[in-house]
S.K.: 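Input: one structure, supplied below.
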Amino acid sequence: MKDIYTSFQEAVRDIEDYSTIMVGGFGLVGIPENLILALVESNAKHLTVISNNCGVDDWGLGLLLQNKQIDKMIGSYVGENKEFERQVIEGELEVELVPQGTLAERIRAGGAGIPAFYTPAGVGTPIAEGKEVRTFDGKEYLLQTGLTADYSLVRAAKGDKHGNLIYNKTARNFNPMMAAAGATTIAEVEKLVEPGTLDPDHIHTPGIYVQSLIEGQQEKRIERLTLAKQA
Amino acid sequence: MKDIYTSFQEAVRDIEDYSTIMVGGFGLVGIPENLILALVESNAKHLTVISNNCGVDDWGLGLLLQNKQIDKMIGSYVGENKEFERQVIEGELEVELVPQGTLAERIRAGGAGIPAFYTPAGVGTPIAEGKEVRTFDGKEYLLQTGLTADYSLVRAAKGDKHGNLIYNKTARNFNPMMAAAGATTIAEVEKLVEPGTLDPDHIHTPGIYVQSLIEGQQEKRIERLTLAKQA
Amino acid sequence: MAVNLDKATVREKIARRAEQEIESGFYVNLGIGMPTMVANYIQPDKQVVLQSENGLLGIGRSPYEDEVDPDLINAGKETVTASVGASYCDSAESFGMIRGEHLDLAILGGMEVSETGNLANWMIPGKMIKGMGGAMDIVHGSKKVVIIMDHVNKYGEPKILKECSLPLTGKGVVNRIITDRAVIDVKEGGLELVEVGEGWTIDEIKDCTGAGLKVHEDLYETKQ
Amino acid sequence: MAVNLDKATVREKIARRAEQEIESGFYVNLGIGMPTMVANYIQPDKQVVLQSENGLLGIGRSPYEDEVDPDLINAGKETVTASVGASYCDSAESFGMIRGEHLDLAILGGMEVSETGNLANWMIPGKMIKGMGGAMDIVHGSKKVVIIMDHVNKYGEPKILKECSLPLTGKGVVNRIITDRAVIDVKEGGLELVEVGEGWTIDEIKDCTGAGLKVHEDLYETKQ
């Protein structure tokens, strides 16, 4: 029932200029590495990208930046990237910063048909500018709207051909909500298996949210290798 | 770190009159059978109960009804219970009917610190009476508030002593959201295991939401046994 | 000319016609009661995933006796099995799936439908209210909402009306009505008769429908 | 009398004092940077679960080389391990946990704190804005929010003020401030000095604090 690709170029072929794209991952963990590389190659421009971070200069979403494919970035922390800074200062790149928990919840809301919700995060801060403030039980909250995307690019450890996905450890992060919030969700999986192979109680992303899958191998670069001192 | 009980009576001992209690389950599936039985025995009165259904006449929350322990019931479908009907007609029992998806989302919101959200369910229906209607993108939505409880009684297939829970099949239903929305959550588990036994990627309810656990055996009554015709 | 069929035959007829709404690849929610029956008629060549709002994506057939798991039921509380490639989720996720319009189709029962697509199917004032269950969410959550019901009530009165007389389940939510006598679409400008059941005439359908009916240009009789 | 210590010693001193905020049985979120260091000083007899907002409840120690999993990091993007009894979740669940006040304690860094508990720790106007990450959520999400920071900035100016001059991270969110020189609580009526660091006097603390300080009746010197 799902499109199963063998070429990453083909998997992202339909992504057009001016698309809004969600990209899973936290830092470089859980990012759909090969889909991003293919998107760079596709040269789709004027993208709005929703992702917690924006990669590093030479990897992940940083590659889209280098190639000047992003018009607007919606994220919570974009501090690992010099080219990002340059484009913002030069006015080439628009940025919308969203508190991380609000970002996660806005994406969840988008996928779950919730147009808006209230959250305490950001009350009394620059984030509140232009936003409705409302008091519930004596505490102030901001109104935040749901986020959806034309395409969501996610990465999972395992996927079956019905689109069910299982993530590994902290590589889960934003991927499940994004899978649900994309009109078209493309999943890059480390291992593609037959339906029935995965335990139905262990599925993190039900297949209904996923339109196509492709198996690929990731580099899984480590940003901050921190080791215990050998005893 | 968690209270591990061996007596169901002790597990529910602190539940006082006038408490608000969430009880997991859909129909009779996934209900904390033994905690309910102990609550009947405790004779705590004037309870507000939040649960999708209200059991059947002689099992589950129906037993609390028989014993006249419930002042108010918040649920989505309460049609399986004659005593329920009688108490409503006699004015002994207050009922708040909430669309099932709205109920699930209100409980999730309560546990996740979201005071209110908008949903399309119920617009133009009796449910909308007295509720704010707001238009987003040309479509109307109702404002609904989060729900929390003094106690949540949930049932899981497996639990470890750190409070991590795993549910079986459709016995999951409302249990995970309720576990998060209870100030005190008591988990009845079919099997209690040592921490480290459950795969961290398979946990449905993280231990932080659970305050105490107790192992017990359930009858698991079936409401509508439906069988395939033998070929 | 009116047709008299026993109740079981009528229900099967409606269910078989409703099955034609399901395309291969669809994710579908079937309401409790007659809609659940539709599953029995799904053509084997169609790949269809049935969702149950109590947390199962991929309802399978009924279990054999030795397969019964009391933890595995559908939204009608009947024991079921899970299909190959199924997954379980909690009720918030399940209704997120519904509310977020990830389902292609919902087939539900109805008491009344209005010409603007209003649906009433959950309560009759004066009678004991059992609750709306998931219906109020499901009518907002699918790309297409199909109502299956008898064309008239037990007094022979129309159930398709200008305005519903019963309290609503949803406002402007119905896309298509399938009855024992006809298939009617809810369009911008009102109701449109798209199919007339075998043995019925257009005029007879109009007579037993409580709202104006335009006739679709390609109107044809329902194939059984 | 003022005390001069090298930076590493100061950080360790603050981290060790912050550790005393952690009780056995607590669920704790430690911010990026100096707060993360607090984990190194947690007394072995305390059972503490550290939460990482990127989806890990139960951060373990740093991995040995052969244990490194690139899919397993903390919110500071450092490789970590998971503790026994840990669980993983997605970012929405993780922040639901935070926002829903399920954490007992959050220890975060600060640039400025006001006498009403306002916190500024994410941006300096005119400098490149990197983003607030999870800080704006975390300050609302814990039963107790403790800020650890130097008492004064590099120019010797107070960081505890009547009003923050920098854009806020949260309004009225701080419960306690732990610095290299003192421990100060944010109370209804203003700031209250509860501990004075070794080698400092109450008057010296007042002099380097930009807001009024009441002195707690049981004031004692910080034990190291």
Side-chain angles (χ1 to χ4, degrees), chain A residues 26-30 52-53 75-80 84-85 88-89 95 97-105 107-109 119-128 139-140 157 167-177 204-205 218-231, chain D residues 32 36 52-56 60-65 67-82 86 88-99 101 118-120 122-123 125 128-141 167-173:
Chain A
F26 179 95
L28 299 180
V29 172
N52 188 56
N53 314 96
S76 91
Y77 191 79
V78 292
E80 315 288 2
F84 190 95
E85 185 164 344
V88 172
I89 290 167
V95 188
L97 288 171
V98 181
Q100 196 174 132
T102 302
L103 183 63
E105 192 65 16
I107 296 166
R108 182 203 175 261
T119 175
V123 170
T125 79
I127 296 305
K139 189 174 166 184
E140 289 181 325
Y167 306 94
N168 184 44
K169 302 191 172 77
T170 56
R172 196 182 320 179
N173 55 63
F174 283 82
N175 283 299
M177 292 81 73
H204 297 132
T205 288
Q218 292 76 32
E219 287 189 21
K220 296 196 181 180
R221 292 194 191 174
I222 293 174
E223 272 184 273
R224 295 195 187 136
L225 182 66
T226 305
L227 295 174
K229 288 177 192 101
Q230 295 290 345
Chain D
I32 295 164
T36 300
S52 195
E53 63 265 28
N54 56 319
L56 168 56
R61 58 166 172 70
S62 300
Y64 294 115
E65 203 146 5
E67 290 175 323
V68 170
D69 184 335
D71 284 342
L72 180 45
I73 60 168
N74 65 16
K77 289 159 195 156
E78 298 164 331
T79 48
V80 291
T81 59
Y88 301 105
C89 64
D90 64 44
S91 300
E93 178 79 48
S94 176
F95 278 97
M97 214 176 266
I98 290 169
R99 209 189 299 103
E101 297 189 12
N118 294 351
L119 170 68
W122 74 286
M123 71 172 279
M128 178 61 194
I129 302 169
K130 293 180 174 227
M132 70 294 284
M136 284 190 185
D137 305 275
I138 295 170
V139 293
H140 286 281
L168 296 187
T169 305
K171 198 176 78 172
V173 293

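So that the names make sense, note that chain A is the first sequence line, chain B the second, and so on, each numbered from 1. Only heavy atoms go into these numbers, but all of them, side chains included; no hydrogens, no water, no symmetry mates.
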S.K.: Would you say the side chain of Lys130(D) lies within less than 4.5 Å of the side chain of Phe84(A), judging by non-hydrogen atoms?
M.R.: no
S.K.: Ile73(D) versus Arg224(A): any side-chain heavy-atom pair under 4.5 Å?
M.R.: no
S.K.: Determine the minimum heavy-atom distance between Asp90(D) and Pro176(A), stating which atoms define it.
M.R.: CB-CG, 3.8 Å
S.K.: Could you tell me whether the side chain of Thr79(D) and the main chain of Thr226(A) form a donor-acceptor pair under 3.5 Å?
M.R.: yes
S.K.: For the pair Val68(D) and Leu227(A), evaluate side chain to side chain contact (heavy atoms under 4.5 Å, CB included) and give the outcome as yes or no after the intermediate values.
M.R.: CA-CA 8 Å; Val68(D) 170; Leu227(A) 295 174; 3.4 Å; yes
S.K.: Checking side chain to side chain contact (heavy atoms under 4.5 Å, CB included) for the pair Tyr64(D)/Lys229(A): CA distance, chi angles, key distance, verdict?
M.R.: CA-CA 7 Å; Tyr64(D) 294 115; Lys229(A) 288 177 192 101; over 6 Å; no
S.K.: Measuring heavy-atom distances to chain D, does Val88(A) have an atom under 4.5 Å in its side chain, in its backbone, in both, or in neither?
M.R.: side chain
S.K.: For Asn53(A), which atoms come within 4.5 Å of any heavy atom of chain D: side chain, backbone, both, or neither?
M.R.: side chain
S.K.: Indicate the atoms forming the closest heavy-atom contact of Asn74(D) with Phe26(A), along with that distance.
M.R.: O-CE2, 4.0 Å
S.K.: Within the side chain of Arg61(D), is there an N or O that forms a donor-acceptor pair under 3.5 Å with the backbone of Ala228(A)?
M.R.: no
S.K.: Can you tell which part of Ile129(D) gets under 4.5 Å to a heavy atom of chain A, answering side chain, backbone, both or neither?
M.R.: both
S.K.: How many angstroms lie between atom CE of Met128(D) and atom CD of Glu85(A), to the nearest 0.5 angstrom?
M.R.: 5.0 Å
S.K.: Once salt bridge (charged side-chain N to carboxylate O under 4.0 Å, His left out) is applied, do any residues pair with Lys139(A), and if so which ones, sequence neighbours excluded?
M.R.: Glu101(D)
S.K.: At a 4.5 Å cut-off on heavy atoms, which part of Leu72(D) comes close to chain A: side chain, backbone, both, or neither?
M.R.: both
S.K.: So which part of Ala75(D) gets closer than 4.5 Å to some heavy atom of chain A, the side chain, the backbone, both or neither?
M.R.: both
S.K.: So which part of Glu140(A) gets closer than 4.5 Å to some heavy atom of chain D, the side chain, the backbone, both or neither?
M.R.: side chain
S.K.: Any idea which of Cys89(D), Pro167(D), Ala135(D) has the most non-hydrogen atom pairs under 4.5 angstrom with chain A?
M.R.: Cys89(D)
S.K.: Which heavy atom in Gly27(A) sits nearest to a heavy atom in Lys77(D), and how many Å separate them?
M.R.: CA-CE, 3.7 Å
S.K.: Decide yes or no on side chain to side chain contact (heavy atoms under 4.5 Å, CB included) for Met136(D) and Thr102(A), but give the supporting numbers first.
M.R.: CA-CA 9 Å; Met136(D) 284 190 185; Thr102(A) 302; over 6 Å; no
S.K.: Flag the one option from Gly131(D), Gly170(D), Ser94(D), Ser91(D) with the top tally of heavy-atom pairs under 4.5 Å to chain A.
M.R.: Ser91(D)
S.K.: So what's closer than 4.5 Å to chain A heavy atoms on Glu53(D): side chain, backbone, both or neither?
M.R.: both
S.K.: For each of Thr81(D), Asp69(D), Val173(D), Val80(D), tally heavy-atom pairs with chain A at distances under 4.5 Å, and name the one with the top tally.
M.R.: Asp69(D)
S.K.: For His140(D), give me all partners under ring pair (Phe, Tyr, Trp, His ring centres under 6.0 Å), at least two apart in sequence or on another chain.
M.R.: none
S.K.: Name the option with the most non-hydrogen atom pairs under 4.5 Å to chain A; the candidates are Pro63(D), Gly76(D), Gly55(D), Gly134(D).
M.R.: Pro63(D)
S.K.: Count the heavy-atom pairs under 4.5 Å between each of Gly172(D), Ala120(D), Ser62(D) and chain A, then report the option with the highest count.
M.R.: Ser62(D)
S.K.: At a 4.5 Å cut-off on heavy atoms, which part of Ile127(A) comes close to chain D: side chain, backbone, both, or neither?
M.R.: side chain
S.K.: Please determine whether the number of non-hydrogen atoms from other residues, nucleotides or ligands lying under 6.0 Å from atom CD of Glu219(A) exceeds 12.
M.R.: yes
S.K.: Which answer fits Ile222(A), side chain, backbone, both or neither, if we ask what part of it has an atom under 4.5 Å from a heavy atom of chain D?
M.R.: side chain
S.K.: So which heavy atom on Arg172(A) is nearest to which on Tyr88(D), and how close?
M.R.: NH2-O, 3.2 Å
S.K.: Using a cut-off of under 4.5 Å on heavy-atom pairs, state which of Val78(A), Leu28(A), Asn52(A), Ile107(A) scores highest against chain D.
M.R.: Val78(A)
S.K.: Identify the heavy atoms of Phe95(D) and Gln100(A) that sit nearest to each other, and give their distance.
M.R.: CE1-OE1, 3.5 Å
S.K.: Any side-chain heavy-atom pair from Trp122(D) and Pro99(A) closer than 4.5 angstrom?
M.R.: no
S.K.: State, without any angle test, whether Asn168(A) and Asp71(D) hold a side-chain donor-acceptor pair at a distance under 3.5 Å.
M.R.: yes
S.K.: Against Thr125(A), only a single residue in Leu119(D), Leu168(D), Asn118(D) fulfils side-chain contact (heavy atoms from CB on, under 4.5 Å); can you say which?
M.R.: Leu168(D)
S.K.: As an exercise: rank Glu67(D), Lys171(D), Met123(D), Arg99(D) by heavy-atom pairs under 4.5 Å with chain A and give me the winner.
M.R.: Arg99(D)
